[in-house]
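Here the structure comes first, spelled out in structure tokens, and everything after it is commentary.
Just so you know, residue 1 is the first one in the sequence shown, and it goes up from there.
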Amino acid sequence: MNIAAFFDIDGTIYREALITELFKKLITHEIIHGSAWYNDVQPAFNAWDRRQGEYDDYLSRMVEIFKEAIVGISHEHIDLIAKRVIEQKGDRVYQFTRGEIERHKKEGHKVIAISGSPYELVREMAARHGFDDFRGTIYKTDEHGKYTGEVVPMWDGVSKKKAMLELAEQYDLDLSQCWSYGDTNGDLTMFENTGYP
């Protein structure tokens, strides 16, 4: 059996939420109007920054605006923007987790990213840092490659645990020997109720 290290990205590898960078680029590309940031997202961010609000509130507002804004847009457009985000920001990572990724690779372990960020960003980040596999939130597209507004989330502990179990089966992983890195309870409890420590 094999060993893997599962890594969350936002706040664990990357020092912020990747979707924030994508959101800003979508404003630059005029896919999202700048007022969405100033009127809806920034107040929630400021409340969280002052420890008067919840981080999840800030993030959920951004995700809702993002989800609505991309309906009808080609995935190729978002793919290109996601690629640019990671080219420009992909090395803005914590030194500790960068070191842990390299350590696990040297020890012959699989390194796998499981993140609530959009699939397109997670794919680019995983490629940049040499991950063996990844899972991210899927924003569904239709037969023409246009976003529909439907979402398959990967930001909660239940979804992450399900993905981890599927990956364990795919790669014949010994979960009792695997590692999990995250900055929230949802990330760190991926192993709960799996029968493993």
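- Considering only residues two or more places apart in sequence or on other chains, Glu107 meets the side chain to side chain donor-acceptor pair (under 3.5 Å) condition with Arg103.
- Under the 4.5 Å side-chain heavy-atom criterion for grouping Ile, Leu, Val, Met, Phe, Trp and Tyr, Val151 is connected to Phe23 within one hydrophobic cluster.
- Within 6.0 Å of CD on Gln52 lie more than 12 heavy atoms contributed by other residues, nucleotides or ligands.
- The side chain to side chain contact (heavy atoms under 4.5 Å, CB included) search around Glu68 returns Glu64, not counting sequence neighbours.
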CA sep, side-chain torsions, deciding dist, call: Arg135, Val152, side chain to side chain contact (heavy atoms under 4.5 Å, CB included) = CA-CA 11 Å; Arg135 296 292 184 273; Val152 180; over 6 Å; no

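- No chain of hydrophobic side-chain contacts below 4.5 Å, direct or via other Ile, Leu, Val, Met, Phe, Trp or Tyr residues, connects Ile31 to Leu80.
- The side chain to side chain donor-acceptor pair (under 3.5 Å) test applied to Glu87 returns Arg84, not counting sequence neighbours.
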Arg92 vs Glu16, side chain to side chain contact (heavy atoms under 4.5 Å, CB included): CA-CA, chis, key distance, verdict = CA-CA 9 Å; Arg92 190 174 176 258; Glu16 176 55 73; 3.7 Å; yes

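- With Ser117 as reference, Asp10 is the one residue of Asp10, Thr137, Thr20 to meet the side chain to side chain donor-acceptor pair (under 3.5 Å) rule.
- With sequence neighbours left out, the side chain to side chain donor-acceptor pair (under 3.5 Å) criterion links Tyr139 to no other residue.
- A search for side chain to side chain contact (heavy atoms under 4.5 Å, CB included) contacts involving Arg61 returns Ala44, Asp57, not counting sequence neighbours.
- In terms of modelled atom types and a separation under 3.5 Å, the side chain of His33 and the main chain of Ser35 share a donor-acceptor contact.
- Here side-chain hydrogen bond (donor to acceptor under 3.5 Å, both in side chains) pairs that include residues 72-81, with residues two or more places apart or in two chains, are His75-Asp79, Asp79-Arg123.
- The main-chain N or O of Asp142 is never found under 3.5 Å from a side-chain atom of Thr148 such that the two would form a donor-acceptor pair.
- Under the rule for a salt bridge (charged side-chain N to carboxylate O under 4.0 Å, His left out), Asp40 has no partner lying at least two apart in sequence or in another chain.
- In this structure, Thr28 has no side chain to side chain contact (heavy atoms under 4.5 Å, CB included) partners at least two apart in sequence or on a different chain.
- The aromatic rings of Tyr181 and His104 lie perpendicular to each other, with more than 60° between the two planes, well past the 30° mark.
- For Phe45, the side chain to side chain contact (heavy atoms under 4.5 Å, CB included) partners are Trp48, Asp49, Tyr58, not counting sequence neighbours.
- Side-chain atoms of Asp132 and Tyr171 include no donor-acceptor pair closer than 3.5 Å.
- Here Glu54 pairs with nothing under the side chain to side chain donor-acceptor pair (under 3.5 Å) rule; sequence neighbours left out.
- Applying the salt bridge (charged side-chain N to carboxylate O under 4.0 Å, His left out) criterion to Lys105, with sequence neighbours excluded, gives Glu102.
- Every salt bridge (charged side-chain N to carboxylate O under 4.0 Å, His left out) that Lys83 has, sequence neighbours left out, goes to Glu124.
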